[in-house]
Amino acid sequence: MLTKRIIACLDVRDGRVVKGVQFVDIVDAGDPAELAHRHAAAGADEIVLLDITATHEGRGTLIDTVQRTAATLFVPFTVGGGIRSAEDAAAVFDAGADKVSINSSAIARPELIGEIGGSFGAQAVIVAIDARRGVLGVEDAEVYVSGGRKATGLRVVDWAIEAEQRGAGEILLTSMNTDGMRNGFDCELTAMVSSAVQIPVIASGGAGTAAHFAEVFGRGKADAALAASIFHFGVTDSRELKAELRRAGVSVRLPC
Amino acid sequence: MIAVIDYKAGNLTSVVKALKYVGAETLVTQDPEVVLRAAKVVLPGVGHFQATQLLSELGITAAVRESVAKGAWFLGICVGMQWLFEGSTEAPGVVGLGHFEGMCERFPAVFEGAELKSPHVGWNSLERVREDSRLLRGVAEGGFVYYTHSWRAPVVQATASVTEYGGAFTGVVERENVMGVQFHPEKSSAVGLRMLQNFVEL
């Protein structure tokens, strides 16, 4: 049976994993390669590394970080942040990534989805969507770019469907309403997007407890769920989380 | 020495890295002569079946046919496994090696009355693991491996393990010296590395 995936996300700045609460109080959480391996060993099904520096200087650091991380990592490995062209993507794949995650650059130039997919396969392209609910609630949820600072006027469902049609392999959906709050995923939003597309949807934003994951896999119809902060500083690990999920009736990769 | 065939189809680097990790010496090649001389050959691949067209153009198809007839060990991964079958509806004009019978087909959009998401992405379990499989030595029934694909191979006599998603399909195929896996052993953690090690130690 196909299991629900638990994805550990590492936010990287200047080559170090960082964690902030609501984008402030950023603290150093360690070396990306070391943390990626620790998460994989602790049962994470995939690793996502997001470069939040996205500066020119950050680029070389990122490639080096990807190389070091991928060297002995034998679970799927996604890299995102600042990938603006098929060449940027190629460099990241060469360094050992299995998938890239693109966000603002796909909005700016939707052809990029097909360009990367054409060379590396649809399975290698994740379109990340940052969504904020509108006045009507989930129905008019809007896509934001530039780290959530800029509204695009695009409806989330419309953009998800377009991304799929253009050849995205997966959607990584982050709810800005729930992100960083640890009060649970936005199940309504996730279910809406998941029902609208054929490709897998990864839920992100709001993970706090195992019950939150069970909810988003059930009611939220998510195929995978991503979390960052709860996995740092030894709060919990994927194996513990999965054991709880299994008890709640969710199909997960165990033993892992 | 394991010849790893380069036909510009994706996961080559990851596969080489994983093979080296389990102790293999590898040589990445496009040269049919190298394939003919190798005792073991790995054909990776991810993406579109169309990419396998290049194998015929490079003369690799003929080399593989000759080399497996002489008893060389062969492992196809993902599209590399699908290529061992007769072909795929993904690229109807491109013929596979035809070592195993049947065509690869797309997952159904609906299965048992429910919509089926495609691609099939994630960790799924190996069922009906054939005990005499050399590739699966030490791999338990129900072991998890990482899949990402939209086309799948049918269950045939040489199927060594199946996975269930919209019905059963071939996860592992194996007959004598020719083997294939639909999932990505190089991304399947300890279970996948075990299979690669089994192949290296043949």
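First the proteins, then the strands, lettered A, B, ... as listed; each starts at 1.
Remark: the backbone N or O of A:I199 is paired with a side-chain donor or acceptor of B:K117 at under 3.5 angstrom. A distance-only check finds no donor-acceptor pair linking the side chain of B:S189 to the backbone of A:V75 [under 3.5 Å]. Under the 3.5 Å distance criterion, the side-chain polar atoms of B:W123 are left unmatched by any main-chain donor or acceptor of A:V252.
The part of B:L116 that comes within reach of chain A is its backbone (N, CA, C, O), which places non-hydrogen atoms under 4.5 angstrom from that chain. Contact annotation for A:R253: both backbone and side-chain heavy atoms come within less than 4.5 Å of a heavy atom of chain B. Residue A:T3 touches chain B through both its backbone and its side chain, counting heavy-atom pairs closer than 4.5 Å. Of the two parts of A:A70, the backbone and the side chain both hold a non-hydrogen atom closer than 4.5 Å to a non-hydrogen atom of chain B. Only the side chain of B:H120 comes within less than 4.5 Å of a heavy atom of chain A; its backbone N, CA, C and O stay farther away. At a 4.5 Å heavy-atom cutoff, the contact between B:S188 and chain A is made by backbone atoms alone.
For chain A, the option among B:L193, B:V121, B:T148 with the highest count of heavy-atom pairs below 4.5 Å is B:V121. The candidate from A:D94, A:L73, A:L254 with the greatest count of non-hydrogen atom pairs under 4.5 Å with chain B is A:L254.
With rounding to the nearest 0.5 Å, the separation of CZ in A:F74 from NZ in B:K187 is 7.5 Å.
Between A:P255 and B:F144, the closest heavy-atom pair is O-CD1, 4.4 Å.
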